[in-house]
Structure formats: structure tokens, C-alpha cells
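Step one of this worksheet: look at the structure below.
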Amino acid sequence: MKVKDTEIVRKFHARPDAFRLAVLCGPNATRCQALADELAAPLAQSAERVDLSIADLTESPARLSDEANSASLFGDKRFIMVRLHSGEAVRAAAAIENLLAGYAGGDPVFIVAAGMADKTALAKSITAAPDALIATCYETSQGDAVAAIGAMARSEGVQMSRDTAADIAALTSNDLVLAKLEVEKIALYLDASPESPKPAESEILSVLGAENDEEDLGLLINAALSGDTKKLSGELAAVSPAGFSEVGLIRLMLRHLVKLADLRAKADQGTGVAKLVNHPSVFWKDRDNFARQLNIWSSAHIARLMERILALEIALKSSGQPDHVLVQEELLTITRKAARLR
């Protein structure tokens, strides 16, 4: 069944036993992942989570169906999370088709298939299945982002002008996952709630330093991906007193890697790096960084990087270690790898 991305979570949660598969596809990778996390949120509190990759599905096309229909060791509820990178959905088609053709019960399966179009044969099969949901996550337009941010603010009890919502949209490049973090930060600062709404003055972003957050995180990301250990150490020292949003960094890095992967794919097809980075779709401040990173990272390396960052997100939710320790360790690992590849 095909539904809108704004409806899939509500529809699944309203009748969780009616659907065994939910797929998020389309070009907006961060939204796909965020919605998958929302879908799984009620289960994540008590159910066993099983993560599968494209390697698991291609090695054995029956693996997905087997996992969905196998009982937990203690008889507890389980759910399966599958993350597919751009271009991998076609390789996972046999496994997903097996799931759809198999036993109608079983544990729920959530698939993030960022980059997969909803017009593919696989997407049409999922759409036709009465016990499956599929939603396409498109890039958010500025107008839609501003409206969504305004709605987020109201739900948090923050009285926000359209201009401030537009500023947040611009700061987060219309990424609603990052925008939600900013709205929640504002609500916490104002001690706002739906029962006790508070106005957000026009200078709120400057007061909270939000205008610099993305730039600071970008400096960390670019230092790591460029293999500049000295610069990364300096940037980590600079942000340590105030700290930074680990989740925000992960979301921003995923967005950066999706863009880097797209540019790398075009470079692999013969387009020159200079032409790619000077395209209007690449922000002028990022051109030198992308040029440097395209000469370091191959498509295969970028795909593995995305897997590592997604695994890091899981670790933040389940590890007993402090979030900042895990993130700093991963940044240093990436930096050392990039330095070796240069």
C-alpha cells in the first residue's frame, strides 16, 4: 500500500498487526531514516532488534523472511531493520519478494531504501501488497519546511514567527530532522510547553548559537573526511567547552555523504571533479572540501562509511558509553582512514 511520508507512521502505529513490512524510499535519506526510527520507536523499548545489511540479503534471499518468521530465544517480540544504500534495492529485490510471498504473520520489517524510486518493479510489488506500506521521502521545499517548522514549534509550545521558521529552514538546508532538534532546543531554553507557550524572539538563534552549530559540525566533518588529524583535534578542542549535538552531527554527516556519493558516482562515469564541484547544486563554501574528498574516497569506501555512521547511530542508543566519546572515536577513525587513502 502506497502512503504519504507524513502518514506512514500514524497508519502503521494505528494497526501494527496489519502490516509486516514498511519501506521508506526516495531521495531524502535523512527523512527515510528518521521515519524508520519513528516506526520502530514503540517496539524499540522492549522488542529484540535484528539489523540486516545488503550482504545478508544477497548471501541468502531467504534470510529476511526467515528472520521475520523465526521466534525469539525467549519468545519476545522482535523487529527487523534493513538499511539499503543507493542502488542496493535492486540487489535486495529477491529477499523482499520472498518476504511478501511467504507467511503472512511474523515480526515487522522496516526497510530504509534511500535512493530507490517508487516507480520500480519492486516498489510496485510492495504497493500491491495489502500488508505492506511504502512511502517516498522527497527533498523538502523551503515553503514546506517553513510550514513544518512552524507546526513543530506550536506542538512544543513555542510561539514562532514565520521569519524565524525560515531562518531555521535555511540553517538546516530544509532538513526537518535537524530542524526538529533546533525547535526542541529552543523549547528547552524557553521552558516552553503546549500548556505554557512562550514567544521566541527574533534573536533566539543568535542567543543559542544555532547559527554557528551547523558550521561548527561541518568543520568537524570536513576535517575528518579530508584526513586532517591536526585540524580535527583543534576543532574538537574548540567545541568541547560547549559541546555539540551528536545526533545533529550524524544527520549532517549522512547528508554530506549522500551528496559525496552522488558526486563520486558522476565522477566514476567520467565527469571531471572540477566541473562537478563548480555545479550550482554545490554550495560555494563546500567546493574545495568536496574536491579534496572526491580525490580520497571511492564509491565503495563511501558506502562503507555510510554503514559505519548508521551503525554509530544505533550505538548511541544502545551503548553505555557517553555519546561524545563514541562520536569522537569514530571521527578519529575516519580521519586516520582518509589520511591513509590520500
Side-chain angles (χ1 to χ4, degrees), residues 23-33 53-55 57-59 82-94 96 111-124 136-141 173-175 218-228 231-232 250-311 331 333-342:
V23 178
L24 289 312
C25 66
N28 193 332
T30 54
R31 177 133 176 91
C32 286
Q33 186 57 57
S53 67
I54 185 61
L57 303 191
T58 52
E59 181 180 350
V82 181
R83 291 185 172 90
L84 303 174
H85 301 306
S86 181
E88 292 181 345
V90 65
R91 294 164 56 201
I96 298 170
I111 299 179
V112 175
M116 184 181 83
D118 58 5
K119 300 294 191 295
T120 62
L122 176 59
K124 290 177 180 178
T136 304
C137 299
Y138 297 103
E139 296 293 352
T140 310
S141 69
S173 299
N174 300 334
D175 187 320
L219 291 172
L220 291 172
I221 290 167
N222 283 311
L225 293 175
S226 299
D228 193 333
K231 185 171 183 180
L232 177 67
I250 286 174
R251 298 297 185 188
L252 193 61
M253 179 169 267
L254 281 173
R255 194 173 75 200
H256 185 97
L257 289 173
V258 167
K259 183 65 177 178
L260 185 62
D262 178 60
L263 294 173
R264 180 70 260 173
K266 291 175 180 175
D268 291 344
Q269 293 170 2
T271 306
V273 169
K275 182 176 181 180
L276 286 170
V277 300
N278 284 291
H279 190 273
S281 65
V282 177
F283 185 46
W284 67 271
K285 284 187 177 181
D286 293 330
R287 287 172 181 167
D288 287 345
N289 288 315
F290 276 121
R292 190 177 304 113
Q293 292 155 22
L294 284 170
N295 288 316
I296 295 174
W297 300 96
S298 67
S299 291
H301 281 130
I302 295 169
R304 284 196 287 273
L305 260 181
M306 293 174 78
E307 289 178 1
R308 289 186 66 95
I309 298 304
L310 290 167
L331 286 173
T333 299
I334 292 170
T335 308
R336 288 191 287 267
K337 177 68 174 179
R340 290 196 298 271
L341 292 173
R342 280 191 304 191

(message) Looking at T58 and A55, would you say the former's side chain and the latter's main chain have a donor-acceptor pair under 3.5 Å?
(response)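 Present.
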
(message) So does A291 get a backbone contact from the side chain of N295, meaning a donor-acceptor N/O pair under 3.5 Å?
(response)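 Yes, the answer is positive, given that a donor and an acceptor are paired below the 3.5 Å cut-off.
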
Nearest non-hydrogen partners of [X] and [Y], listed with the distance:
{"X": "C137", "Y": "L24", "result": "SG-CD1, 4.3 Å"}
{"X": "A114", "Y": "C32", "result": "CA-SG, 4.3 Å"}
{"X": "L276", "Y": "V282", "result": "O-CG2, 3.7 Å"}
{"X": "T335", "Y": "A223", "result": "CG2-O, 4.1 Å"}
{"X": "T136", "Y": "G26", "result": "CG2-CA, 3.9 Å"}
{"X": "A265", "Y": "S299", "result": "N-OG, 4.3 Å"}

(message) Does L57 form a side-chain contact (heavy atoms from CB on, under 4.5 Å) with R91? I'd like the steps, not just the answer.
(response) CA-CA 8 Å; L57 303 191; R91 294 164 56 201; over 6 Å; no

Quick one, [X] and [Y] - any side-chain contact, counting heavy atoms below 4.5 Å?
{"X": "L225", "Y": "L305", "result": "yes"}
{"X": "L260", "Y": "L294", "result": "yes"}
{"X": "Q33", "Y": "R83", "result": "yes"}
{"X": "R304", "Y": "W297", "result": "no"}
{"X": "I334", "Y": "I309", "result": "yes"}
{"X": "T120", "Y": "V90", "result": "no"}
{"X": "M253", "Y": "L220", "result": "no"}
{"X": "R336", "Y": "T333", "result": "yes"}

(request) Go through the steps for V23 and M116 under the test side-chain contact (heavy atoms from CB on, under 4.5 Å), then give the verdict. (result) CA-CA 10 Å; V23 178; M116 184 181 83; 4.3 Å; yes

(request) Before giving the answer on side-chain contact (heavy atoms from CB on, under 4.5 Å), spell out for H256 and F290 the whole-Å C-alpha distance, their side-chain angles and the decisive distance to 0.1 Å. (result) CA-CA 9 Å; H256 185 97; F290 276 121; 3.6 Å; yes

(request) Please check if atom CZ in R308 has more than 12 non-hydrogen atoms from other residues, nucleotides or ligands closer than 6.0 Å. (result) no

(message) If you count heavy atoms of other groups shown closer than 6.0 angstrom to CG of D288, is the number above 12?
(response) no

Atom [atom1] in [X], atom [atom2] in [Y]: separation rounded to 0.5 Å?
{"X": "L84", "Y": "C25", "atom1": "CG", "atom2": "SG", "value": "11.0 Å"}
{"X": "I296", "Y": "R342", "atom1": "CD1", "atom2": "CZ", "value": "6.0 Å"}
{"X": "L122", "Y": "I111", "atom1": "CG", "atom2": "CD1", "value": "7.5 Å"}
{"X": "N222", "Y": "D228", "atom1": "CG", "atom2": "CG", "value": "10.5 Å"}
{"X": "R31", "Y": "T140", "atom1": "CZ", "atom2": "OG1", "value": "6.5 Å"}

(message) Filter on salt bridge (Lys or Arg N to Asp or Glu O under 4.0 Å), then keep only pairs touching residues 112-124, sequence neighbours left out; what's left?
(response) K2-D118

(request) Going by the side-chain hydrogen bond (donor to acceptor under 3.5 Å, both in side chains) test, name the single residue among R292, K285, Q293 that passes it with N289. (result)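 Filter result, single survivor: R292.
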
